[in-house]
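Numbering starts at 1 and runs along the sequence shown.
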Amino acid sequence: MPIPRVVLSLLAASLVVSSLAVAGTTATVTLGGSVSSTLEITSVDTAAAGALDLSAGQKIVKVADIEMSTNNDQGLTLVATSGNLTKAGGVSIAFQVTSVADAASAPAAGAFTIPSGSDYSAATSVAGSDVSDLYIKYTPASSQDPGDYAGTIELTVSDN
């Protein structure tokens, strides 16, 4: 005996309802977003930076005011190059770099621990701003060739 259409319709409807009833009871929503870094640095050369005393003997001179900031919770790192004051045909004058807190006393000679030609670095450990004074230590020879000497310090800041 064939199954009546009404029974077939009821069977089909009950299968649909039962499959809906078996649907999961949990789900997930994937979230995401992005925060841009606000990392920045500004540097202002001091008047002394462009008019270094090149007479014989060790000198420690403030050459820049540096302001840095970041929104990184781990802070930032400043890297400053050191090197030489040079003159074409002359003997170079090596210089070392260090920094101190803004308006602090000049560092003692022993604070310059990174040799000339190597990178100096200083870091913070929290988000926010940092203001520092950049110093160099150099020692012109007693018989330094006359003329104009020049050098540069490259400053790089990165998030930690």
Do you know which of L52, L54, T86 makes side-chain contact (heavy atoms from CB on, under 4.5 Å) with Y149?
L54
Would you find a donor on one side and an acceptor on the other, under 3.5 Å apart, between the side chain of E67 and the backbone of V131?
no
Identify the two heavy atoms, one from P140 and one from G57, that lie closest to each other, and give their separation to 0.1 Å.
CD-O, 3.1 Å
Can a side-chain donor-acceptor contact be found between D130 and T124 if the only test is distance below 3.5 angstrom?
no
Does L85 share a hydrophobic cluster with V63, counting links as ILVMFWY side-chain heavy atoms below 4.5 Å and allowing steps through other members?
yes
Would you say that F95 contacts I153 through its side chain, given a criterion of any heavy-atom pair below 4.5 Å between the two side chains?
yes
Evaluate the side-chain contact (heavy atoms from CB on, under 4.5 Å) criterion for residues T98 and I114: first the C-alpha distance (whole Å), next the side-chain angles of each, then the deciding distance (0.1 Å), finally the verdict.
CA-CA 8 Å; T98 196; I114 307 301; over 6 Å; no
Which atoms form the tightest heavy-atom contact between T46 and A64, and what is the distance?
CG2-N, 3.7 Å
Close side-chain approach of L155 to V79, heavy-atom, < 4.5 Å
no
If you define the side chain from C-beta out and look only at heavy atoms, does anything of I93 sit under 4.5 Å from N84?
no
Look only at the side chain of S69 and the backbone of G128, and say whether a donor-acceptor pair between them is shorter than 3.5 Å.
no
I'd like to know if the side chain of S82 and the backbone of G117 have a donor-acceptor N/O pair within less than 3.5 Å.
yes
Apply side-chain contact (heavy atoms from CB on, under 4.5 Å) to residues Y135 and V100 and explain how you reach the verdict.
CA-CA 8 Å; Y135 281 83; V100 298; 3.7 Å; yes
Looking at every non-hydrogen atom in both residues, tell me the closest pair between S132 and M68 and how far apart they are.
OG-CE, 4.2 Å
To the nearest 0.5 Å, tell me how far S99 OG sits from L134 CG.
6.5 Å
Keeping D65 on the side-chain end and D133 on the backbone end, is there a donor-acceptor pair under 3.5 Å?
no
Looking just at side-chain N and O atoms, do T113 and Y120 make a donor-acceptor pair shorter than 3.5 Å?
no
Q74 backbone acceptor or donor facing N160 side chain under 3.5 Å:
yes
Contact check, side chains of L78 and I41, non-hydrogen atoms, under 4.5 Å
yes
For the backbone of G83 and the side chain of S116, can you confirm whether one donor and one acceptor N or O come within less than 3.5 Å of each other?
yes
Rounded to the nearest 0.5 Å, what separation is found between the CG atom of D102 and the OG atom of S129?
12.0 Å
T70 (side chain) donor-acceptor with N72 (main chain) under 3.5 angstrom:
yes
Under 3.5 Å donor-acceptor, Q144 side chain and V91 backbone
yes
Shortest non-hydrogen contact between P107 and I60, atoms and distance:
O-CD1, 3.6 Å
Check: K137 and Q58 side chains under 4.5 Å, non-hydrogen atoms
yes
Say whether, by atom type as modelled, one donor and one acceptor occur between the side chain of T77 and the main chain of A123 under 3.5 angstrom.
no
Could you check T42 against I66 for side-chain contact (heavy atoms from CB on, under 4.5 Å), going step by step and ending with a plain yes or no?
CA-CA 6 Å; T42 57; I66 301 170; over 6 Å; no
Expected output: side-chain T38 to main-chain N71 donor-acceptor under 3.5 Å
yes
Intermediate values then yes/no, side-chain contact (heavy atoms from CB on, under 4.5 Å), D53 and Y138:
CA-CA 10 Å; D53 176 0; Y138 62 101; 4.1 Å; yes
